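Heads up: the structure comes next, in C-alpha coordinates.
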Number of protein chains: 2
Amino acid sequence: MPDRPLEVNLVLFSLREDSLRVLLAERDPGWELPGEPVKAARSLEEATARLLSGLIDRRETYLEQLYTYGGPQRAAVSVVYFALVPAEAHLLPGRTVRWFPLVKLPALAGDHPEILGYALRRLRYKLEYSAVGFQLLPAQFTLSELQHTYEIVLDEKLDKRNFRRRMLQSGIIESTPRFRTGEGRPARLYRYRPDAVAEVKTRRLFP
Amino acid sequence: MPDRPLEVNLVLFSLREDSLRVLLAERDPGWELPGEPVKAARSLEEATARLLSGLIDRRETYLEQLYTYGGPQRAAVSVVYFALVPAEAHLLPGRTVRWFPLVKLPALAGDHPEILGYALRRLRYKLEYSAVGFQLLPAQFTLSELQHTYEIVLDEKLDKRNFRRRMLQSGIIESTPRFRTGEGRPARLYRYRPDAVAEVKTRRLFP
DNA sequence: GAAATAGTGTCTGTTAGACAATATTTC
DNA sequence: GAAATATTGTCTAACAGACACTATTTC
(Lines give C-alpha, C1' and ligand atoms only; values in the text may rest on other atoms or scores of the structure.)
Protein backbone atom coordinates (compact mmCIF):
# COMPACT_ATOMS: atom_id res chain seq x y z
CA MET A 1 0.00 0.00 0.00
CA PRO A 2 1.50 3.38 -0.97
CA ASP A 3 2.03 6.11 1.61
CA ARG A 4 -0.05 9.21 1.57
CA PRO A 5 1.47 12.13 -0.31
CA LEU A 6 3.54 14.54 1.78
CA GLU A 7 3.58 18.30 1.49
CA VAL A 8 4.75 21.34 3.37
CA ASN A 9 2.58 24.35 4.07
CA LEU A 10 3.63 27.75 5.23
CA VAL A 11 2.04 30.24 7.60
CA LEU A 12 3.81 33.47 6.75
CA PHE A 13 3.11 36.46 8.97
CA SER A 14 3.99 40.08 8.46
CA LEU A 15 2.99 43.42 9.91
CA ARG A 16 1.53 45.67 7.25
CA GLU A 17 -0.56 48.81 7.46
CA ASP A 18 -0.94 48.50 11.21
CA SER A 19 -2.29 44.99 11.23
CA LEU A 20 -0.90 41.50 11.45
CA ARG A 21 -1.34 39.73 8.13
CA VAL A 22 -0.92 36.28 6.74
CA LEU A 23 -0.03 35.36 3.18
CA LEU A 24 -2.62 33.23 1.40
CA ALA A 25 -2.65 31.68 -2.05
CA GLU A 26 -5.63 31.60 -4.36
CA ARG A 27 -7.36 28.28 -4.86
CA ASP A 28 -10.21 27.29 -7.18
CA PRO A 29 -12.82 28.57 -4.75
CA GLY A 30 -11.39 30.52 -1.83
CA TRP A 31 -7.86 30.65 -0.46
CA GLU A 32 -5.31 28.42 1.21
CA LEU A 33 -1.97 28.42 2.95
CA PRO A 34 0.82 28.27 0.36
CA GLY A 35 2.08 24.73 -0.07
CA GLU A 36 4.60 22.59 -1.87
CA PRO A 37 4.76 18.84 -2.38
CA VAL A 38 7.76 17.01 -0.92
CA LYS A 39 9.17 14.87 -3.66
CA ALA A 40 11.16 11.76 -2.92
CA ALA A 41 14.52 13.39 -3.53
CA ARG A 42 13.85 16.46 -1.42
CA SER A 43 14.12 16.98 2.31
CA LEU A 44 11.48 18.87 4.27
CA GLU A 45 13.88 21.75 4.70
CA GLU A 46 14.56 21.93 1.01
CA ALA A 47 10.90 21.87 0.11
CA THR A 48 10.23 24.68 2.59
CA ALA A 49 13.13 26.77 1.36
CA ARG A 50 11.90 26.35 -2.20
CA LEU A 51 8.39 27.37 -1.21
CA LEU A 52 9.59 30.40 0.69
CA SER A 53 12.00 31.61 -1.94
CA GLY A 54 9.23 31.42 -4.52
CA LEU A 55 7.14 33.85 -2.50
CA ILE A 56 9.40 36.43 -0.90
CA ASP A 57 12.62 38.20 -1.87
CA ARG A 58 14.50 37.58 1.36
CA ARG A 59 17.72 35.80 2.14
CA GLU A 60 17.23 35.20 5.84
CA THR A 61 13.80 34.50 7.16
CA TYR A 62 12.76 33.39 10.58
CA LEU A 63 11.41 29.90 10.05
CA GLU A 64 10.21 27.28 12.45
CA GLN A 65 8.38 24.00 12.17
CA LEU A 66 4.90 24.34 13.60
CA TYR A 67 3.12 21.00 13.51
CA THR A 68 2.44 18.06 11.26
CA TYR A 69 -1.14 17.43 10.28
CA GLY A 70 -2.13 13.99 9.17
CA GLY A 71 -5.71 13.41 10.20
CA PRO A 72 -7.82 10.78 8.42
CA GLN A 73 -9.86 13.32 6.46
CA ARG A 74 -6.79 14.80 4.77
CA ALA A 75 -5.65 13.82 1.29
CA ALA A 76 -2.00 14.54 2.16
CA VAL A 77 0.10 14.69 5.30
CA SER A 78 1.30 18.24 5.75
CA VAL A 79 4.29 19.51 7.67
CA VAL A 80 3.45 23.10 8.47
CA TYR A 81 6.09 25.79 8.96
CA PHE A 82 5.69 29.19 10.41
CA ALA A 83 7.66 32.23 9.21
CA LEU A 84 7.97 35.92 9.97
CA VAL A 85 9.07 38.70 7.62
CA PRO A 86 9.33 42.45 8.15
CA ALA A 87 7.10 44.84 6.24
CA GLU A 88 9.97 45.73 3.88
CA ALA A 89 9.99 42.24 2.37
CA HIS A 90 8.50 42.24 -1.12
CA LEU A 91 6.38 39.58 -2.72
CA LEU A 92 7.74 37.97 -5.85
CA PRO A 93 5.61 37.86 -8.98
CA GLY A 94 4.18 34.48 -9.84
CA ARG A 95 1.54 32.73 -7.82
CA THR A 96 -1.56 34.61 -6.90
CA VAL A 97 -1.00 35.46 -3.29
CA ARG A 98 -2.24 38.23 -1.00
CA TRP A 99 -1.71 39.51 2.52
CA PHE A 100 -4.87 39.13 4.58
CA PRO A 101 -5.41 40.79 7.96
CA LEU A 102 -6.18 38.13 10.52
CA VAL A 103 -9.40 39.85 11.39
CA LYS A 104 -10.67 39.71 7.81
CA LEU A 105 -9.86 36.26 6.54
CA PRO A 106 -11.47 34.78 3.46
CA ALA A 107 -12.87 31.25 3.28
CA LEU A 108 -10.01 28.83 3.84
CA ALA A 109 -9.63 25.27 2.58
CA GLY A 110 -9.87 22.17 4.79
CA ASP A 111 -8.26 22.44 8.19
CA HIS A 112 -6.34 25.59 7.32
CA PRO A 113 -8.38 27.77 9.68
CA GLU A 114 -7.37 25.51 12.54
CA ILE A 115 -3.73 25.60 11.46
CA LEU A 116 -3.76 29.35 11.23
CA GLY A 117 -5.32 29.65 14.67
CA TYR A 118 -2.62 27.49 16.14
CA ALA A 119 0.12 29.47 14.40
CA LEU A 120 -1.27 32.68 15.84
CA ARG A 121 -1.35 31.25 19.34
CA ARG A 122 2.22 30.12 18.93
CA LEU A 123 3.32 33.52 17.68
CA ARG A 124 1.74 35.29 20.63
CA TYR A 125 3.18 32.83 23.03
CA LYS A 126 6.68 33.04 21.65
CA LEU A 127 6.55 36.80 21.58
CA GLU A 128 6.37 36.78 25.35
CA TYR A 129 9.35 34.66 26.10
CA SER A 130 11.63 34.91 23.10
CA ALA A 131 12.98 37.44 20.68
CA VAL A 132 10.87 36.53 17.64
CA GLY A 133 9.25 39.95 17.65
CA PHE A 134 12.30 41.49 16.05
CA GLN A 135 11.74 39.38 12.96
CA LEU A 136 8.74 41.54 12.17
CA LEU A 137 10.79 44.74 12.22
CA PRO A 138 13.49 46.25 10.04
CA ALA A 139 17.10 46.06 11.24
CA GLN A 140 16.81 49.40 13.01
CA PHE A 141 13.69 50.56 14.80
CA THR A 142 12.48 52.94 17.47
CA LEU A 143 11.19 51.82 20.81
CA SER A 144 7.76 53.06 19.85
CA GLU A 145 7.78 50.90 16.74
CA LEU A 146 8.84 47.93 18.80
CA GLN A 147 6.09 48.52 21.31
CA HIS A 148 3.61 49.00 18.51
CA THR A 149 4.60 45.61 17.09
CA TYR A 150 3.96 43.94 20.39
CA GLU A 151 0.66 45.69 20.83
CA ILE A 152 -0.61 44.66 17.41
CA VAL A 153 0.43 41.04 17.69
CA LEU A 154 -0.76 40.62 21.26
CA ASP A 155 -3.83 42.76 20.60
CA GLU A 156 -3.27 44.45 23.92
CA LYS A 157 -2.17 47.90 25.06
CA LEU A 158 1.13 48.06 26.93
CA ASP A 159 2.54 50.61 29.35
CA LYS A 160 5.21 52.70 27.68
CA ARG A 161 7.48 53.16 30.68
CA ASN A 162 7.40 49.53 31.77
CA PHE A 163 7.92 48.36 28.22
CA ARG A 164 10.98 50.52 27.71
CA ARG A 165 12.47 49.69 31.05
CA ARG A 166 12.33 45.95 30.51
CA MET A 167 13.43 46.02 26.90
CA LEU A 168 16.47 48.05 27.79
CA GLN A 169 17.26 46.13 30.97
CA SER A 170 17.09 42.81 29.17
CA GLY A 171 20.05 43.81 27.02
CA ILE A 172 18.35 42.39 23.95
CA ILE A 173 18.66 45.68 22.04
CA GLU A 174 21.36 48.29 21.77
CA SER A 175 21.07 51.93 20.79
CA THR A 176 22.52 53.28 17.58
CA PRO A 177 23.67 56.88 17.06
CA ARG A 178 20.86 57.44 14.57
CA PHE A 179 17.44 58.96 15.00
CA ARG A 180 14.23 58.70 13.09
CA THR A 181 12.57 62.05 12.40
CA GLY A 182 8.91 62.51 11.69
CA GLU A 183 6.01 64.42 13.15
CA GLY A 184 7.15 65.11 16.68
CA ARG A 185 10.40 64.74 18.54
CA PRO A 186 12.88 62.48 16.75
CA ALA A 187 13.23 58.99 18.19
CA ARG A 188 16.42 57.10 18.77
CA LEU A 189 16.97 54.03 16.63
CA TYR A 190 17.86 50.73 18.25
CA ARG A 191 19.02 47.46 16.86
CA TYR A 192 18.46 43.89 17.93
CA ARG A 193 21.45 42.05 19.40
CA PRO A 194 21.20 38.47 18.15
CA ASP A 195 24.18 37.56 20.33
CA ALA A 196 22.39 38.54 23.53
CA VAL A 197 21.09 35.52 25.34
CA ALA A 198 17.34 35.81 25.14
CA GLU A 199 16.89 33.71 28.17
CA VAL A 200 13.50 32.37 28.98
CA LYS A 201 12.81 33.50 32.48
CA THR A 202 9.83 31.40 33.33
CA ARG A 203 8.33 31.71 36.70
CA ARG A 204 8.23 28.06 37.50
CA LEU A 205 4.69 27.12 38.27
CA PHE A 206 5.71 23.67 39.47
CA PRO A 207 9.25 24.07 40.61
CA MET B 1 8.20 10.56 -8.50
CA PRO B 2 6.94 8.76 -5.41
CA ASP B 3 7.02 10.38 -2.01
CA ARG B 4 9.39 9.20 0.65
CA PRO B 5 7.90 6.66 3.05
CA LEU B 6 6.35 8.06 6.20
CA GLU B 7 6.64 6.64 9.68
CA VAL B 8 6.01 7.58 13.27
CA ASN B 9 8.53 7.11 16.05
CA LEU B 10 7.96 7.26 19.76
CA VAL B 11 10.06 8.59 22.61
CA LEU B 12 8.50 6.94 25.64
CA PHE B 13 9.76 8.05 29.04
CA SER B 14 9.18 6.53 32.44
CA LEU B 15 10.66 6.78 35.92
CA ARG B 16 11.98 3.42 37.06
CA GLU B 17 14.36 2.49 39.84
CA ASP B 18 15.19 6.09 40.59
CA SER B 19 16.17 7.07 37.10
CA LEU B 20 14.51 8.48 34.04
CA ARG B 21 14.36 5.86 31.33
CA VAL B 22 13.44 5.63 27.68
CA LEU B 23 12.03 2.64 25.88
CA LEU B 24 14.17 1.36 23.01
CA ALA B 25 13.61 -1.43 20.51
CA GLU B 26 16.26 -3.83 19.36
CA ARG B 27 17.59 -3.45 15.84
CA ASP B 28 20.03 -5.57 13.86
CA PRO B 29 23.03 -3.93 15.44
CA GLY B 30 22.18 -1.62 18.34
CA TRP B 31 18.89 -0.08 19.34
CA GLU B 32 16.36 2.44 18.05
CA LEU B 33 13.27 4.39 18.99
CA PRO B 34 10.18 2.23 18.44
CA GLY B 35 8.54 3.05 15.13
CA GLU B 36 5.62 2.22 12.88
CA PRO B 37 5.03 2.92 9.19
CA VAL B 38 2.09 5.12 8.29
CA LYS B 39 0.16 3.34 5.63
CA ALA B 40 -2.01 5.21 3.19
CA ALA B 41 -5.24 4.41 4.97
CA ARG B 42 -4.01 5.41 8.41
CA SER B 43 -3.77 8.78 10.04
CA LEU B 44 -0.73 9.81 12.08
CA GLU B 45 -2.78 9.56 15.24
CA GLU B 46 -3.91 6.06 14.39
CA ALA B 47 -0.40 4.89 13.61
CA THR B 48 0.83 6.31 16.91
CA ALA B 49 -1.99 4.76 18.89
CA ARG B 50 -1.27 1.41 17.28
CA LEU B 51 2.41 1.70 18.09
CA LEU B 52 1.76 2.68 21.68
CA SER B 53 -0.83 0.03 22.34
CA GLY B 54 1.55 -2.62 21.05
CA LEU B 55 4.10 -1.62 23.68
CA ILE B 56 2.31 -0.70 26.88
CA ASP B 57 -0.81 -1.88 28.68
CA ARG B 58 -2.34 1.52 29.29
CA ARG B 59 -5.59 3.10 28.26
CA GLU B 60 -4.69 6.75 28.72
CA THR B 61 -1.20 7.90 28.02
CA TYR B 62 0.15 11.40 27.84
CA LEU B 63 1.07 11.85 24.22
CA GLU B 64 2.32 14.83 22.31
CA GLN B 65 3.77 15.42 18.87
CA LEU B 66 7.43 16.35 19.17
CA TYR B 67 8.87 17.14 15.77
CA THR B 68 8.99 15.86 12.21
CA TYR B 69 12.35 14.80 10.88
CA GLY B 70 12.86 14.73 7.16
CA GLY B 71 16.49 15.53 6.46
CA PRO B 72 18.11 14.47 3.18
CA GLN B 73 20.11 11.62 4.74
CA ARG B 74 16.99 9.88 5.98
CA ALA B 75 15.30 7.00 4.20
CA ALA B 76 11.88 7.93 5.61
CA VAL B 77 10.21 11.04 6.94
CA SER B 78 9.43 10.47 10.60
CA VAL B 79 6.84 12.18 12.76
CA VAL B 80 8.11 11.75 16.29
CA TYR B 81 5.82 11.62 19.31
CA PHE B 82 6.70 11.90 22.92
CA ALA B 83 4.90 10.00 25.68
CA LEU B 84 5.03 9.59 29.46
CA VAL B 85 3.91 6.63 31.53
CA PRO B 86 4.08 5.98 35.28
CA ALA B 87 6.26 3.25 36.68
CA GLU B 88 3.24 1.01 37.18
CA ALA B 89 2.70 0.65 33.45
CA HIS B 90 3.73 -2.78 32.21
CA LEU B 91 5.36 -3.68 28.94
CA LEU B 92 3.47 -6.02 26.66
CA PRO B 93 5.17 -9.13 25.36
CA GLY B 94 6.15 -9.04 21.72
CA ARG B 95 8.85 -6.82 20.32
CA THR B 96 12.23 -6.82 22.00
CA VAL B 97 12.21 -3.60 23.94
CA ARG B 98 13.96 -2.41 27.08
CA TRP B 99 14.00 0.57 29.40
CA PHE B 100 17.34 2.36 29.26
CA PRO B 101 18.45 4.99 31.76
CA LEU B 102 19.28 8.17 29.89
CA VAL B 103 22.74 8.18 31.38
CA LYS B 104 23.53 4.72 30.02
CA LEU B 105 22.25 4.66 26.48
CA PRO B 106 23.31 2.05 23.96
CA ALA B 107 24.35 2.84 20.39
CA LEU B 108 21.37 4.36 18.61
CA ALA B 109 20.49 4.31 14.93
CA GLY B 110 20.72 7.33 12.63
CA ASP B 111 19.58 10.63 14.08
CA HIS B 112 17.87 9.00 17.05
CA PRO B 113 20.39 10.38 19.56
CA GLU B 114 19.54 13.89 18.41
CA ILE B 115 15.82 13.16 18.62
CA LEU B 116 16.17 11.78 22.11
CA GLY B 117 18.17 14.81 23.21
CA TYR B 118 15.48 17.10 21.95
CA ALA B 119 12.75 15.08 23.66
CA LEU B 120 14.58 15.33 26.95
CA ARG B 121 14.98 19.08 26.63
CA ARG B 122 11.29 19.36 25.87
CA LEU B 123 10.36 17.22 28.87
CA ARG B 124 12.45 19.32 31.23
CA TYR B 125 11.11 22.48 29.79
CA LYS B 126 7.48 21.42 30.04
CA LEU B 127 7.95 20.18 33.55
CA GLU B 128 8.61 23.74 34.62
CA TYR B 129 5.56 25.37 33.21
CA SER B 130 2.97 22.66 32.86
CA ALA B 131 1.57 19.71 34.72
CA VAL B 132 3.19 16.94 32.68
CA GLY B 133 5.11 15.74 35.72
CA PHE B 134 2.03 14.03 37.09
CA GLN B 135 2.01 11.72 34.10
CA LEU B 136 5.07 10.02 35.53
CA LEU B 137 3.36 9.27 38.84
CA PRO B 138 0.55 6.98 39.97
CA ALA B 139 -2.87 8.47 40.62
CA GLN B 140 -2.03 9.09 44.27
CA PHE B 141 1.37 10.15 45.50
CA THR B 142 3.11 11.85 48.39
CA LEU B 143 4.71 15.26 48.16
CA SER B 144 8.10 13.66 48.60
CA GLU B 145 7.47 11.37 45.65
CA LEU B 146 6.40 14.33 43.57
CA GLN B 147 9.48 16.29 44.51
CA HIS B 148 11.64 13.27 43.81
CA THR B 149 10.16 13.04 40.32
CA TYR B 150 11.05 16.63 39.63
CA GLU B 151 14.53 16.22 40.99
CA ILE B 152 15.25 13.19 38.85
CA VAL B 153 13.92 14.65 35.63
CA LEU B 154 15.49 18.05 36.13
CA ASP B 155 18.63 16.51 37.59
CA GLU B 156 18.68 19.19 40.23
CA LYS B 157 18.04 19.29 43.96
CA LEU B 158 15.04 21.32 45.09
CA ASP B 159 14.20 22.97 48.39
CA LYS B 160 11.55 20.98 50.21
CA ARG B 161 9.72 23.88 51.84
CA ASN B 162 9.58 26.03 48.74
CA PHE B 163 8.53 23.07 46.64
CA ARG B 164 5.64 22.19 48.91
CA ARG B 165 4.51 25.74 49.31
CA ARG B 166 4.23 26.35 45.62
CA MET B 167 2.72 23.02 44.72
CA LEU B 168 0.01 23.51 47.29
CA GLN B 169 -0.58 27.18 46.52
CA SER B 170 -0.95 26.46 42.83
CA GLY B 171 -4.04 24.39 43.53
CA ILE B 172 -2.88 21.76 41.06
CA ILE B 173 -3.10 18.98 43.64
CA GLU B 174 -5.57 18.15 46.38
CA SER B 175 -5.07 16.11 49.51
CA THR B 176 -6.77 12.76 50.03
CA PRO B 177 -7.63 11.27 53.42
CA ARG B 178 -5.10 8.51 52.88
CA PHE B 179 -1.52 8.15 54.02
CA ARG B 180 1.39 6.13 52.81
CA THR B 181 3.24 4.32 55.58
CA GLY B 182 6.82 3.20 55.40
CA GLU B 183 10.03 3.75 57.28
CA GLY B 184 9.37 6.98 59.16
CA ARG B 185 6.36 9.17 59.68
CA PRO B 186 3.52 8.35 57.30
CA ALA B 187 3.05 10.81 54.44
CA ARG B 188 -0.22 12.21 53.20
CA LEU B 189 -1.31 11.14 49.75
CA TYR B 190 -2.30 13.76 47.22
CA ARG B 191 -3.95 13.54 43.86
CA TYR B 192 -3.58 15.61 40.72
CA ARG B 193 -6.51 17.82 39.78
CA PRO B 194 -6.77 17.71 35.99
CA ASP B 195 -9.53 20.30 36.14
CA ALA B 196 -7.28 22.89 37.78
CA VAL B 197 -6.05 25.45 35.34
CA ALA B 198 -2.36 24.85 35.05
CA GLU B 199 -1.73 28.37 33.95
CA VAL B 200 1.58 29.25 32.51
CA LYS B 201 2.78 32.20 34.50
CA THR B 202 5.61 33.40 32.39
CA ARG B 203 7.60 36.31 33.54
CA ARG B 204 7.53 38.16 30.28
CA LEU B 205 11.02 38.83 29.15
CA PHE B 206 9.83 41.13 26.40
CA PRO B 207 6.59 42.49 27.67
C1' DG C 1 2.65 78.34 20.56
C1' DA C 2 0.01 74.39 19.34
C1' DA C 3 0.37 69.69 18.05
C1' DA C 4 2.73 65.55 17.99
C1' DT C 5 5.71 62.22 19.61
C1' DA C 6 9.82 60.81 22.70
C1' DG C 7 11.60 60.15 26.97
C1' DT C 8 11.86 59.56 32.07
C1' DG C 9 11.22 57.71 37.92
C1' DT C 10 8.76 56.08 42.00
C1' DC C 11 5.98 53.38 44.83
C1' DT C 12 3.66 49.09 46.16
C1' DG C 13 2.42 44.36 46.28
C1' DT C 14 3.84 39.80 45.07
C1' DT C 15 6.92 36.24 44.54
C1' DA C 16 11.28 33.46 44.42
C1' DG C 17 14.72 31.71 47.04
C1' DA C 18 17.47 30.97 51.24
C1' DC C 19 17.23 28.88 55.52
C1' DA C 20 16.34 25.00 60.49
C1' DA C 21 13.56 23.16 63.85
C1' DT C 22 9.68 20.15 65.30
C1' DA C 23 6.39 16.08 64.64
C1' DT C 24 5.24 11.35 63.93
C1' DT C 25 6.11 6.93 62.99
C1' DT C 26 8.92 2.16 63.21
C1' DC C 27 12.15 -0.89 65.34
C1' DG D 1 15.24 6.39 72.38
C1' DA D 2 17.43 6.11 67.96
C1' DA D 3 16.52 6.31 63.13
C1' DA D 4 13.84 7.69 59.43
C1' DT D 5 10.84 10.53 57.12
C1' DA D 6 7.09 14.32 57.14
C1' DT D 7 5.73 18.74 58.10
C1' DT D 8 5.89 23.69 58.96
C1' DG D 9 7.16 29.63 58.68
C1' DT D 10 10.04 33.84 58.12
C1' DC D 11 12.92 37.06 56.02
C1' DT D 12 14.90 39.42 52.04
C1' DA D 13 15.83 40.79 47.44
C1' DA D 14 14.00 41.22 42.88
C1' DC D 15 10.45 42.13 39.87
C1' DA D 16 5.76 43.33 37.79
C1' DG D 17 2.53 46.66 37.34
C1' DA D 18 0.31 51.12 38.18
C1' DC D 19 0.84 55.79 37.38
C1' DA D 20 1.95 61.58 35.06
C1' DC D 21 4.91 64.84 33.73
C1' DT D 22 8.73 67.03 30.93
C1' DA D 23 11.50 67.36 26.47
C1' DT D 24 12.11 68.07 21.65
C1' DT D 25 10.75 68.59 17.31
C1' DT D 26 7.55 70.38 13.19
C1' DC D 27 4.30 73.55 11.22
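Owing to the predicted nature of the structure, the values given are computational and were not obtained by experimental measurement. In the text below, chain A, chain B and the rest are named by the order of the sequence lines, each starting its count at 1.
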Flag the pair A:F141 / A:F134 as yes when their ring centroid distance falls below 6.0 Å, and as no otherwise. yes
Of the listed C:dG17, C:dC19, D:dA6, the closest approach to the B:K160 side chain comes from D:dA6
Protein-nucleotide distance ([X], atom [atom1]; [N], atom [atom2]), rounded to Å:
X	N	atom1	atom2	answer
A:E145	C:dG7	CD	C1'	15 Å
B:D159	D:dC11	CG	C1'	14 Å
B:R166	D:dG9	CZ	C1'	15 Å
A:Q169	C:dG9	CD	C1'	12 Å
A:R188	D:dA23	CZ	P	18 Å
B:L158	C:dA16	CG	P	14 Å
A:F179	C:dA6	CZ	C1'	10 Å
A:F163	C:dT8	CZ	P	15 Å

Which atoms of nucleotides 10-12 of chain C (N or O only) lie under 3.5 Å from a protein N or O atom, and what are those distances?
none

Reckon B:R164 touches a base, only the sugar-phosphate, or nothing at all at heavy-atom distances under 4.0 Å? base
How about CD on A:E60, more than 12 heavy atoms from neighbouring residues, nucleotides or ligands closer than 6.0 Å, or not? no
More than 12 heavy atoms from other groups under 6.0 Å of CD on A:E17: no
side-chain contact (heavy atoms from CB on, under 4.5 Å) against A:R122, all qualifying residues, sequence neighbours excluded: A:E64, A:L66, A:Y118, A:K126
Does OP1 or OP2 of C:dT5 have a side-chain N or O of A:S144 closer than 4.0 Å? no
At a cut-off of 3.5 Å, list every protein nitrogen or oxygen paired with a nitrogen or oxygen from nucleotides 22-26 of chain C, distance to 0.1 Å.
| residue | atom | partner | partner atom | Å |
| --- | --- | --- | --- | --- |
| C:dA23 | N3 | B:R185 | NH1 | 3.2 |
| C:dT24 | O4' | B:R185 | NE | 3.4 |
| C:dT26 | O4' | B:E183 | O | 3.3 |

With sequence neighbours left out, what residues match A:Y190 under ring pair (Phe, Tyr, Trp, His ring centres under 6.0 Å)? none
B:R50-B:T48 side chain donor-acceptor pair, cut-off 3.5 Å: no
Considering only residues two or more places apart or on different chains, which pairs with a residue in residues 72-99 of chain A satisfy ring pair (Phe, Tyr, Trp, His ring centres under 6.0 Å)? A:F13-A:F82
Show the atom names and distances, to 0.1 Å, of all donor-acceptor pairs under 3.5 Å that link a side chain in residues 175-186 of chain B to residues at least two apart or in another chain.
| residue | atom | partner | partner atom | Å |
| --- | --- | --- | --- | --- |
| B:T176 | OG1 | B:R178 | N | 3.2 |
| B:T176 | OG1 | B:L189 | O | 2.9 |
| B:R178 | NH1 | B:Q140 | OE1 | 3.4 |
| B:R180 | NH1 | B:E145 | OE1 | 2.8 |
| B:R180 | NH1 | B:E145 | OE2 | 2.3 |

Under a 4.0 Å threshold between the charged nitrogen and the carboxylate oxygen, would A:K160 count as salt-bridged to A:E151? no
